[in-house]
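What follows is a short report on a single structure.
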Amino acid sequence: MDYSEKTLEYYEKMKNIGGFDDELPSVGTGIVGSPLCGDVMKLQLFFDKYDVIADAKYKVFGCVSAIASMELVTTMLKGMSITEALKINNADVADSLELTKIKRHCSVLAKEAIEAAISDYLAKKSGTANNLITVSEKAAEKLRELISTHGSIGISISLSSSGCSGIDYSLSYETEKDGGKLSTEISGITFFFDKENVLLIRGVEIDLVENSFGDGFSVINSNHVSCQNCNCGGCSK
Amino acid sequence: MANIVYLDYAATTPCDPEVLEEMLPFFSQKFGNPNSLHEFGTIASRALSESREKISKLIGAEFEEVIYTSGATESNKTAIVRTMQALRARNGKDHFLTLKTEHKSVLQCTSYLKSSGFTVDILDVKEDGLLDIEYLKSSIKENTGMLSICFVNNETGVMQNIKKIAEVCRERGVLIHLDATQGFGKIDIDVRDLDIDFMSASAHKIYGPKGVGLLFYKKSLSNLIRIPRANNGVEFGIRIGTVPVVLCVGFAKAAELSCHHIKDNLVHVRQLREQLITGVKSELEEIYVNGSSESNYPGIVNISLRGCEGEALMMEAKRIAVSSGSACTSDKLSISHVLAAMKVPADIAQSSLRFTIGKNTSKEDINIAIEDITKATTKLRKMSPIWDMIQSGIDINSIFERQR
């Protein structure tokens, strides 16, 4: 079969095959793909207390290129922070392995596996994480006041749009305790958000700004700023 | 190469030395054009006739009922497209029937027919790959012109009950085209006994040369497929171009050798099939043999080694040359259309390998295959997330079902 030397090199290694106990709070697990498309990849990341990836293991049901892609990314991931890990690009993986056009799908799956594993880790620790969301003191004071007047249990963060203009976040009162959402407590305020949005919520900064129209909250995320380079509708990441 | 066991005889076969010997003089000595009137031409034309005589007798047809083509793909297309066009022009029959498990060359004809305004129904098969006769009966319409059906499926070896199917077609006035690419030379075929109207076959599947096939057609139907105004030229006005005598001579010799050894060959491949299946099953659990175990050509064995993906299996089983039902042949889904039509669950279909046994395959070859497959499967299962799920009793296909 016609595989590049690079693909075969990583395929033959198979050093990072394996896994960790999914129950551990320091482990993030991502399973992507489906048997119908021919590949299922399972990536497990083991984080140290500084949220740095201490180790990465994978299992694959899939072709030679799929296995090589996972071997490569698990090698790259070790020692990376979450921010660095999320910057791994599928094109870099595909180019490093010299994947042919029809096999580039494998590199896309590898990237999706990284995102899924990190999401899982962040979701797991969202209850205790104090660095998912940053709230300024002024904003926290105002929010606490609003919550108590309104009689709600916390603040829900939702995403209203994404694309070239970045992501718009909106805040609302959360009244339902068990709405299936994840929560994290910061400065005495419980924030709720959907599990699948954990990667996009990560890095959100909430501030209170005063302008001529009165007070208002500003919600920004420097991880997901608007894209300068194109006009496409899907490059918020 | 020499150390690799070839188990892909359904893809193609090596040319038999006797066939090669028969062909050799026609390259440089008896090289004439069969259409030439001089001595060189006469020698070539005589050899061509002899080969046609031989091959037509082998299938129970008459001399002028067999033409040579470039291969089964061309035969399929000629029989299907030309017949449907002629039928529509003559009596308005513009409905074509075939099966979901057919070879791509037949399925491609259906796209062409549809784009030319014909109606096409591509029939489902049962889980064992066989066509349900009652379902066929209910699928035939007033305007159905033709059914094209594969004798022996190239991926699974499943063998359709052609006699029964042809009987139904006959009763309802539907013509039948048999794609016998994988059946000819391996299973006895008599076109009169089967009562079929057209048949395709190919030389390179039976130890003949690549690049030549045949099309059988009933004499009374020749008008349906004849090229208009071809003046009864070469190949009875059905195909134009210089006939490659050397290939035809080789084809006829290969057909003769194969057809004379059908019984011995069946005993041989059946034995090795049993050895392979029993061997793999005794070493590994969760092994599935795809397709009917009763009605098949035993030389084609389609086995799913659950938990492992086909392409990776091929990579790991280094000492054997087999083929996989799961190859990234396009940007689309890579699942085998044959196994999908048989409702084989996606993960099992992706784990399939096709072993095809030939006349040169030995017991030792099969032992090597069993050894290699066992090793490859064991290694890949250890690193398979799907195998882990199977082991912990999770229903794989229900998990991934919603992703469709």
Side-chain angles (χ1 to χ4, degrees), chain A residues 1-4 7-23 29-44 57-71 74 94 99-110 112-113 116-117, chain B residues 304-318 321-337 339-340 344-352 376-377 379-392 394-404:
Chain A
M1 274 166 286
D2 199 15
Y3 297 111
S4 73
T7 300
L8 288 177
E9 187 191 317
Y10 276 94
Y11 174 82
E12 298 291 349
K13 278 185 191 167
M14 288 197 193
K15 265 189 194 160
N16 302 328
I17 288 169
F20 307 107
D21 182 0
D22 194 27
E23 303 293 316
T29 304
I31 299 178
V32 296
S34 89
L36 197 67
C37 73
D39 299 289
V40 176
M41 299 172 166
K42 178 179 181 181
L43 173 67
Q44 289 195 301
K57 297 272 183 208
Y58 72 94
K59 286 196 173 187
V60 169
F61 167 90
C63 67
V64 173
S65 313
I67 294 167
S69 298
M70 290 306 279
E71 181 70 29
T74 44
L99 295 181
T100 55
K101 200 180 156 208
I102 55 170
K103 295 289 188 190
R104 289 182 86 88
H105 174 62
C106 297
S107 65
V108 175
L109 277 178
E112 284 176 8
Chain B
S304 283
L305 303 128
R306 206 168 183 199
C308 315
E309 192 268 348
E311 216 180 300
L313 277 169
M314 284 169 67
M315 186 71 185
E316 286 298 321
K318 289 193 197 306
V322 295
S323 65
S324 152
S326 71
C328 299
T329 43
S330 69
D331 301 329
K332 290 184 212 152
L333 304 178
S334 57
I335 208 159
S336 145
H337 73 281
L339 298 183
V344 174
D347 83 287
I348 297 180
Q350 295 287 11
S351 307
S352 73
T377 307
K379 178 175 176 183
L380 291 173
R381 278 180 177 175
K382 274 190 192 140
M383 58 179 286
S384 164
I386 286 197
W387 184 246
D388 289 347
M389 292 180 200
I390 294 165
Q391 293 304 91
S392 44
I394 298 171
D395 179 3
I396 307 295
N397 292 290
S398 72
I399 292 189
F400 293 101
E401 189 73 24
R402 49 203 160 86
Q403 294 183 5
R404 283 194 185 193

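If you're wondering where the values come from, they're calculated on a predicted model, not measured in any experiment. Here is how names work: the chains are called A, B, and so on, in the same order as the sequence lines, proteins then strands, and each is numbered from 1.
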Taking all non-hydrogen atoms of both residues, which atom of Pro385(B) and which atom of Lys42(A) are closest, and how far apart? CB-CB, 3.8 Å
Rounded to the nearest 0.5 Å, how far apart are CZ of Arg306(B) and CZ of Phe61(A)? 9.5 Å
More than 12 heavy atoms of other residues, nucleotides or ligands under 6.0 Å from NZ of Lys15(A): yes or no? no
Between atom CD of Gln350(B) and atom OG of Ser34(A), what is the distance when rounded to the nearest 0.5 Å? 8.0 Å
If you tally heavy-atom pairs under 4.5 Å against chain A, which of Ile348(B), Leu313(B), Asp388(B) wins? Asp388(B)
Quick one: pull up CE in Met383(B) and NZ in Lys57(A) and give me the separation to the nearest 0.5 Å. 12.0 Å
To the nearest 0.5 Å, atom CG of Leu8(A) lies from atom CE of Met315(B) at 4.5 Å
Is chain B contacted by the side chain of Glu12(A), its backbone, both, or neither, given a heavy-atom distance below 4.5 Å? side chain
Flag yes if more than 12 heavy atoms outside Lys382(B) fall under 6.0 Å of its NZ atom; otherwise flag no. no
Kindly compute the distance separating CD (Glu311(B)) from CD1 (Ile67(A)), expressed to the nearest 0.5 Å. 9.5 Å
